[in-house]
There are 2 protein chains.
Amino acid sequence: MAALSNLKITNHQITLVDQVEEKLLDYFRVMKLKPGDSIPKEQELADALGVGRSVLREALSRLRMFGLVETRTRRGMILTEPSILGGMKRVILPRILGDEALFDLLGFRVALEIGICELVYNNLNDKHLEDLENIVNRGVVFNYGEYTPVSEYEFHTKLYEITGNKTIMEFQEVIRPVSVFLKEKFKAYFLPVNMEIEKTGKRVTHMDLLDLLKKKDKKGFSQAMVKHFAPYYSFLRKKNHSNGNN
Amino acid sequence: MAALSNLKITNHQITLVDQVEEKLLDYFRVMKLKPGDSIPKEQELADALGVGRSVLREALSRLRMFGLVETRTRRGMILTEPSILGGMKRVILPRILGDEALFDLLGFRVALEIGICELVYNNLNDKHLEDLENIVNRGVVFNYGEYTPVSEYEFHTKLYEITGNKTIMEFQEVIRPVSVFLKEKFKAYFLPVNMEIEKTGKRVTHMDLLDLLKKKDKKGFSQAMVKHFAPYYSFLRKKNHSNGNN
DNA sequence: TTATCCTATTTGTCTGACAAATATAAAATA
DNA sequence: TATTTTATATTTGTCAGACAAATAGGATAA
């Protein structure tokens with residue numbers, strides 16, 4: 001049923017701070033507080049929860065981190081609208097995350113990028129096409145038909161931007177280091193794949209994608225995007241990569 | 001260029017805790033620490049950074065929250081592999097997030113769900129088909145051809161599961177409250193849309209999706225998924241929804 | 001050699017203190 | 001009286017010290 005119930009097997013014992021954090025979030029929920037609403041001062045909260053101010057502050061520190069609460073001296077604390085991916089940003093440290101997590105993130109990114117095709121197509125206007133054209137025209141290919149990281153970045157960032165979805169845009173920024181890191185770490189895999197694609201002329205270029213958008217060919221665009229990401233799909237399908245240090 | 005550079009305009013002044021948090025993350029990066037590696041004890045870190053132990057602990061509390069560090073009494077602290085979406089889980093509080101953020105999350109979810117089609121298709125095996133069949137067979141429709149939340153949940157969760165991507169699965173769990181909340185809040189929008197779909201016989205059912213998977217019709221499956229989510233797309237296209245309180 | 005106990009160390013928590021900032025009240029000025 | 005300035009009180013940010021609980025590692029006993 002709940003396939004993910006094993007995610008919360010926290011080995012380390014639950015500390016007071018954890019409990020207070022939970023209690024605070026519950027408090028916000030129960031009181032139906034909204035951004036802008038003020039919450040009691042530290043001492044009051046600490047007393048109400050029966051903990052020291054330091055414990056309360058450690059819990060508050062967590063909530064402050066993703067902008068769920070804001071405090072100004074003497075003015076008390078107010079609830080604010082949190083940054084959804086703010087927390088994620090901090091823990092995306094490719095050198096600390098294990099390969100499995102990194103692969104999952106790459107798969108996540110690729111899936112999302114395919115998934116936005118519909119949104120891109122729905123939102124597309126002439127200004128977007130013009131911008132994309134400029135990006136494609138100044139795009140630089142550096143070896144075996146691969147785009148430079150900057151060109152690649154500009155083009156796909158523009159696609160995200162066209163969706164008009166800020167969370168998706170932010171996600172792209174957060175997850176970029178992972179793609180860059182994996183491409184570098186496993187270049188022994190990607191290089192020959194790219195050479196093969198180049199040789200067989202099967203590459204889907206940014207220009208191709210743009211042309212399909214210009215032609216208002218929705219299905220063609222979606223399918224071309226899938227092809228464009230083919231190297232990643234084949235990479236992810238082979239789960240047993242060596243460490244890339246050969 | 002950097003379309004998101006305005007994300008960090010933090011109004012509130014940067015506190016010592018924020019700085020220490022940054023310094024700690026830098027320290028991990030620079031020292032190339034990996035999960036399992038131990039880090040200096042609190043007092044040493046505090047002294048090294050020239051701050052009190054309480055400030056250091058507030059920063060550590062944040063890192064502990066996503067499982068980036070773990071501490072055991074007397075045994076010191078060790079780095080651990082963080083939970084990528086752990087932070088996100090905490091701030092997805094539909095009643096606190098604004099409508100724009102909620103819409104963005106819904107769009108994110110729909111895009112991702114469309115995007116996983118390729119991964120689902122790639123990973124699909126007979127056991128998966130059997131499981132899906134069971135889920136579809138015991139699925140319950142409750143009004144105007146709409147599935148009950150449980151049936152809907154089971155089917156789509158299974159699709160996520162087939163991808164074999166833990167981050168994607170976890171994401172589904174995190175974001176579910178948003179879909180549920182929005183569907184309830186804006187049922188005045190969704191109800192007539194669903195009635196219309198039912199009347200015109202254009203509904204793509206879970207059975208339809210399963211049949212396409214059985215037939216190994218990849219393109220058909222992807223396109224059917226887009227149709228299956230049509231109500232959401234049309235909902236998101238109309239940005240100026242009233243508060244749903246009419 | 002193995003099992004048990006002791007001690008020192010480290011984290012978790014509490015309390016009290018003070019500086020900095022500022023909302024509010026009080027006082028001074030036009 | 002209305003407005004500006006000043007003073008006070010309050011609240012957060014930070015530090016320091018204390019102690020309990022847990023336990024690693026050594027000392028001691030079997």
Side-chain angles (χ1 to χ4, degrees), chain A residues 9-25 27-28 31 33 35-80 82 86, chain B residues 8-25 27-28 31 33 35-82 86:
Chain A
I9 41 168
T10 47
N11 191 4
H12 63 72
Q13 66 177 359
I14 293 155
T15 171
L16 254 186
V17 177
D18 296 318
Q19 295 173 47
V20 169
E21 184 204 336
E22 265 304 312
K23 287 257 175 92
L24 285 175
L25 289 174
Y27 173 75
F28 300 158
M31 301 292 279
L33 297 181
D37 292 349
S38 65
I39 51 183
K41 56 194 175 200
E42 291 182 353
Q43 196 58 62
E44 278 179 32
L45 286 172
D47 292 346
L49 293 166
V51 298
R53 194 158 79 100
S54 55
V55 167
L56 180 88
R57 280 186 60 83
E58 281 188 32
L60 278 176
S61 173
R62 296 177 175 182
L63 305 188
R64 253 193 294 274
M65 179 179 44
F66 14 68
L68 190 64
V69 305
E70 231 174 63
T71 71
R72 271 179 296 181
T73 312
R74 167 70 214 232
R75 230 190 138 184
M77 292 182 284
I78 58 169
L79 226 68
T80 49
Chain B
K8 58 182 67 132
I9 42 168
T10 47
N11 189 5
H12 63 74
Q13 65 177 358
I14 292 155
T15 171
L16 255 185
V17 177
D18 296 319
Q19 296 173 47
V20 169
E21 185 205 335
E22 265 304 312
K23 287 258 174 90
L24 286 175
L25 288 174
Y27 173 76
F28 299 157
M31 301 293 278
L33 297 181
D37 292 349
S38 65
I39 52 183
K41 57 193 174 200
E42 292 182 354
Q43 196 59 61
E44 280 179 30
L45 285 172
D47 292 346
L49 293 166
V51 297
R53 193 158 81 96
S54 55
V55 167
L56 179 87
R57 278 187 61 83
E58 281 189 31
L60 278 176
S61 174
R62 297 176 174 183
L63 305 187
R64 251 193 297 272
M65 181 180 42
F66 352 77
L68 190 64
V69 305
E70 228 173 67
T71 69
R72 272 179 296 183
T73 313
R74 167 70 214 232
R75 230 191 139 184
M77 291 181 285
I78 58 169
L79 226 67
T80 48
E81 185 163 344

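Values in this document were obtained by computation on a predicted structure and should not be read as measured data. So that the names make sense, note that chain A is the first sequence line, chain B the second, and so on, each numbered from 1.
Under the 4.5 Å side-chain criterion, counting only non-hydrogen atoms from C-beta, Arg75(B) is not in contact with Glu70(B). You'll find the side chain of Met77(B) reaches within 4.5 Å of the side chain of Leu60(B), heavy atoms only. Side-chain contact between Thr15(B) and Asp18(B) is present, with heavy atoms from C-beta onward closer than 4.5 Å. Looking only at side-chain heavy atoms (C-beta outward), Asp37(A) and Phe28(A) stay at 4.5 Å or farther from each other.
For the OP1/OP2 pair of dT10(C) and a distance below 4.0 Å, the side-chain nitrogens and oxygens of Thr71(B) include no atom meeting the criterion. One finds no side-chain N or O of Arg57(B) lying less than 4.0 angstrom from the OP1 or OP2 phosphate oxygen of dA16(D).
Put simply, CZ on Arg64(A) is 8 Å from C1' on dT12(D), counting in whole angstrom units. Atom CE in Met77(A) sits roughly 12 Å away from atom C1' in dG13(D) (whole-Å rounding). At whole-Å resolution of the value, CD in Glu58(B) and C1' in dG12(C) are 14 Å apart. Look at CD on Glu70(B): it is 11 Å from P on dG12(C), rounded to the nearest Å. Nucleotide dA16(D) holds its C1' atom 15 Å from the CG atom of Leu56(B), rounded to whole Å. Remark: P of dT11(C) and CG of Asp18(A) are 17 Å apart, rounded to the nearest angstrom.
Across every non-hydrogen atom of Ala59(A) and Leu24(A), the tightest pair is CB-CD1, 4.2 Å.
Within the model, atoms CZ of Arg74(A) and NZ of Lys41(A) stand 8.5 Å from one another, a figure rounded to the nearest 0.5 Å. Put simply, OG1 on Thr80(B) and CG on Leu68(B) are 6.0 Å apart, with the number rounded to the nearest 0.5 Å.
When distances are taken from the side chain of Val17(B) to each of dG13(D), dT13(C), dT14(D), the shortest belongs to dT14(D).
A heavy atom closer than 4.0 Å to some atom of DNA chain C occurs in no member of residues 38-49 of chain A.
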Donor-acceptor pairs under 3.5 angstrom involving side-chain atoms of residues 44-55 of chain B: please list them, not counting sequence neighbours.
| from | atom 1 | to | atom 2 | distance (Å) |
| --- | --- | --- | --- | --- |
| Asp47(B) | OD1 | Gln43(B) | NE2 | 3.1 |
| Arg53(B) | NH1 | Glu42(B) | OE1 | 2.4 |

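For Glu21(B), the side chain to side chain donor-acceptor pair (under 3.5 Å) criterion is met by Arg90(A), Arg62(B), not counting sequence neighbours.
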### Message
Treating primed atoms plus P, OP1 and OP2 as sugar-phosphate and everything else as base, which nucleotides of nucleotides 15-27 of chain C get B, S or - for protein heavy atoms under 4.0 Å?
### Response
--B--BBBB----
